[in-house]
Amino acid sequence: MLKACYSIRMRAAERSPELGEKHISGGERIGSKSQVEPIVKQLLKKASNHSRGDADFIQITVEKIAHDQIQYISPLEVTTVEEASIEKARSEARKILTSLGVSEHALDVAFHQLSSNQNLRGAIILNSKTGLRLDERGQKGVRVSRIDWQDADGDLNERVGEALALASKVANSPFTIAELCWSDDPDYVTGYVSNRGIGYVRITPLKRDGCESGGRVYFVSDEVELESFINYLESVPVLIRRD
């Protein structure tokens with residue numbers, strides 16, 4: 001048990017008078033007091049060496065959190081699907097999401113959003129049946145925060161570990177039907193679909209190499225309590241631990 005817990009969060013952006021703010025990188029960690037300084041250094045290094053560009057704005061937030069606020073959950077199981085083309089990979093993603101109850105129209109909306117947006121700073125929340133966007137936050141979206149592994153998982157690289165932790169927190173909500181994601185990093189073409197039933201299904205390639213479009217879409221049920229759902233994603237501390 002950690003003596004004192006801290007949420008350490010990083011956001012990096014590139015700003016220009018013509019284009020406004022371009023999202024470069026983000027990071028989420030939870031650690032003890034003695035871990036704060038090395039974690040901050042790791043996040044600064046991540047923000048300063050990124051394929052999306054050179055950040056000229058880096059924000060680090062360190063916030064103490066109470067032990068009784070933390071929820072402990074298990075990670076989703078990981079599987080991987082490799083396809084010969086983007087078209088086949090996206091078809092497989094659609095097939096899986098359809099089987100989970102996401103409508104064709106909601107999928108059309110989601111794929112259009114992720115294919116056309118190069119500056120989504122947070123996730124889009126869609127009704128899984130109607131495809132209606134519920135969060136009304138534009139490019140800012142909803143950022144899942146206060147998330148980390150209780151212990152480092154040596155079987156996963158950093159990128160997959162971070163994404164799996166985030167997807168596990170999202171899937172843990174009773175309002176989540178499924179998630180669709182692919183990275184906005186231009187040098188990473190693998191994405192995933194996930195929920196509590198199917199786990200975390202990595203699918204590649206979901207976009208072309210060099211493309212900076214991407215993001216996350218959370219498909220939710222008709223019964224979603226939106227304020228409660230967003231508060232859970234953004235504010236409830238969660239540690240992922242192996243059983």
Side-chain angles (χ1 to χ4, degrees), residues 10-14 19 22-28 43 45-55 75-100 102 104 106-126 139 141-144 147 153-171 176 178-195 198-219:
M10 177 273 289
R11 182 172 72 88
E14 182 180 359
L19 301 177
K22 176 185 177 182
H23 168 71
I24 298 296
S25 181
E28 295 282 340
L43 292 176
K45 182 178 180 180
K46 179 182 179 182
S48 304
N49 299 276
H50 205 280
S51 58
R52 279 181 61 82
D54 296 321
L76 299 174
E77 291 296 320
V78 180
T79 56
T80 300
V81 176
E82 297 183 5
E83 296 288 357
S85 67
I86 295 171
E87 292 74 20
K88 290 182 178 180
R90 291 191 178 185
S91 177
E92 179 64 18
R94 291 181 72 104
K95 183 174 74 172
I96 295 171
L97 290 166
T98 299
S99 73
L100 298 175
V102 182
E104 288 292 340
L107 289 174
D108 289 342
V109 173
F111 275 89
H112 172 73
Q113 289 287 343
L114 296 192
S115 298
S116 60
N117 275 294
Q118 297 189 357
N119 198 29
L120 285 172
R121 302 192 295 278
I124 292 170
I125 300 175
L126 293 184
Q139 296 290 93
V142 176
R143 177 175 169 177
V144 175
I147 181 75
D153 191 322
D155 295 333
L156 301 172
N157 64 45
E158 181 180 0
R159 184 194 297 269
V160 175
E162 289 178 354
L164 176 58
L166 188 151
S168 298
K169 179 176 180 179
V170 174
T176 302
E179 177 183 352
L180 168 67
C181 169
W182 66 79
S183 174
D184 55 10
D185 293 358
D187 58 356
Y188 194 71
V189 299
T190 301
Y192 66 85
V193 296
S194 62
N195 85 349
I198 63 166
Y200 178 90
V201 184
R202 302 176 69 243
I203 303 176
T204 192
L206 282 175
K207 69 172 189 177
R208 63 176 175 78
D209 190 41
C211 175
E212 291 193 5
S213 69
R216 290 180 166 88
V217 174
Y218 304 148
F219 301 99

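For reference, positions follow the sequence shown, starting with 1.
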Novice: Hey, are the side chains of Leu76 and Leu164 touching, using non-hydrogen atoms and a 4.5 Å cut-off?
Specialist: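 In short, these two side chains touch, coming nearer than 4.5 Å.
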Novice: Measure the spacing between OG of Ser25 and CG of Leu43 and express it to the nearest 0.5 Å.
Specialist: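 Rounded to the nearest 0.5 Å, the OG-CG separation comes to 8.5 Å.
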Novice: Heavy atoms only: give me the nearest Leu120-Gly214 pair and the separation to one decimal.
Specialist: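 Scanning both residues completely, I find the closest heavy atoms to be CD1-O, 3.7 Å.
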Novice: Considering all heavy atoms of both residues, which atom of Val160 and which atom of Arg202 are nearest to each other, and what is their separation?
Specialist: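 Val160 and Arg202 have their closest heavy atoms at CG2-NE, 4.0 Å.
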Novice: If we only count heavy atoms from C-beta on, is the Glu104 to Thr98 side-chain gap below 4.5 Å?
Specialist: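 Yes. Closest side-chain heavy atoms under 4.5 Å.
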Novice: Any salt bridge between Lys46 and Glu158, counting N to O under 4.0 Å?
Specialist: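 Salt bridge flag = no for Glu158 with Lys46.
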Novice: Kindly write out the residues that satisfy side-chain hydrogen bond (donor to acceptor under 3.5 Å, both in side chains) with Glu92, not counting sequence neighbours, or none if the list is empty.
Specialist: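 Glu92: side-chain hydrogen bond (donor to acceptor under 3.5 Å, both in side chains) contacts with Lys95.
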Novice: Do Tyr192 and Leu180 have side chains that get closer than 4.5 Å, going by heavy atoms?
Specialist: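 Sidechains of Leu180 and Tyr192: no contact.
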Novice: Excluding sequence neighbours, so at least two apart, what forms salt bridge (charged side-chain N to carboxylate O under 4.0 Å, His left out) with Arg11?
Specialist: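 Salt bridge (charged side-chain N to carboxylate O under 4.0 Å, His left out) list for Arg11, sorted by chain: Glu21.
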Novice: How far apart are the closest heavy atoms of Leu166 and Ile147, and which atoms are they?
Specialist: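 In terms of heavy atoms, the two residues are closest at N-CG1, 4.3 Å.
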Novice: Could you tell me whether Asp108 and Arg94 have a side-chain N and a carboxylate O separated by less than 4.0 Å?
Specialist: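 Salt bridge flag = yes for Arg94 with Asp108.
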Novice: Work out which heavy atom in Lys169 is nearest to a heavy atom in Val144; give both atom names and the distance.
Specialist: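 Closest approach of Lys169 to Val144, heavy atoms only: CD-CG1, 3.7 Å.
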Novice: Under the criterion side-chain contact (heavy atoms from CB on, under 4.5 Å), I'd like the reasoning laid out for Ile203 against Thr190: C-alpha separation, chi angles, the key distance, then a yes or no.
Specialist: CA-CA 6 Å; Ile203 303 176; Thr190 301; over 6 Å; no
Novice: Closest heavy-atom contact between Arg159 and Ser183?
Specialist: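 Heavy atoms of Arg159 and Ser183 come nearest at NH1-OG, 4.0 Å.
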Novice: What is the distance from atom CD of Glu162 to atom CD of Glu28, rounded to the nearest 0.5 Å?
Specialist: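 Those atoms lie 9.5 Å apart.
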Novice: Atom CG of Asn195 and atom CD1 of Ile96: how far apart are they, to the nearest 0.5 Å?
Specialist: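 Separation between the atoms: 10.0 Å.
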Novice: Do Arg216 and Ile124 have side chains that get closer than 4.5 Å, going by heavy atoms?
Specialist: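 They are not in side-chain contact.
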Novice: Heavy atoms, side chains only, cut-off 4.5 Å: are Tyr218 and Val170 in contact?
Specialist: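 In contact.
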Novice: I need the minimum non-hydrogen distance between Cys181 and Leu206, along with the two atoms involved.
Specialist: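 Of all heavy-atom pairs spanning Cys181 and Leu206, the closest is O-CD1, 4.0 Å.
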Novice: Extract all donor-acceptor atom pairs below 3.5 Å that involve side chains of residues 81-89 and protein atoms in other chains or at least two apart in sequence.
Specialist:
from: Ser85; atom 1: OG; to: Lys88; atom 2: N; distance (Å): 3.1

Novice: I'd like to know if the side chain of Arg90 pairs up with that of Ser115 as donor and acceptor (distance under 3.5 Å, no hydrogens or angles considered).
Specialist: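 Their side chains do contain a donor-acceptor pair, which is all the 3.5 Å distance test asks for.
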Novice: Do Trp182 and Leu114 touch side chain to side chain, with heavy atoms closer than 4.5 Å?
Specialist: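 Trp182 reaches Leu114 side chain to side chain.
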Novice: Does any non-hydrogen side-chain atom of Phe219 lie less than 4.5 Å from one of Leu97?
Specialist: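 The answer is yes; the side chains approach within 4.5 Å.
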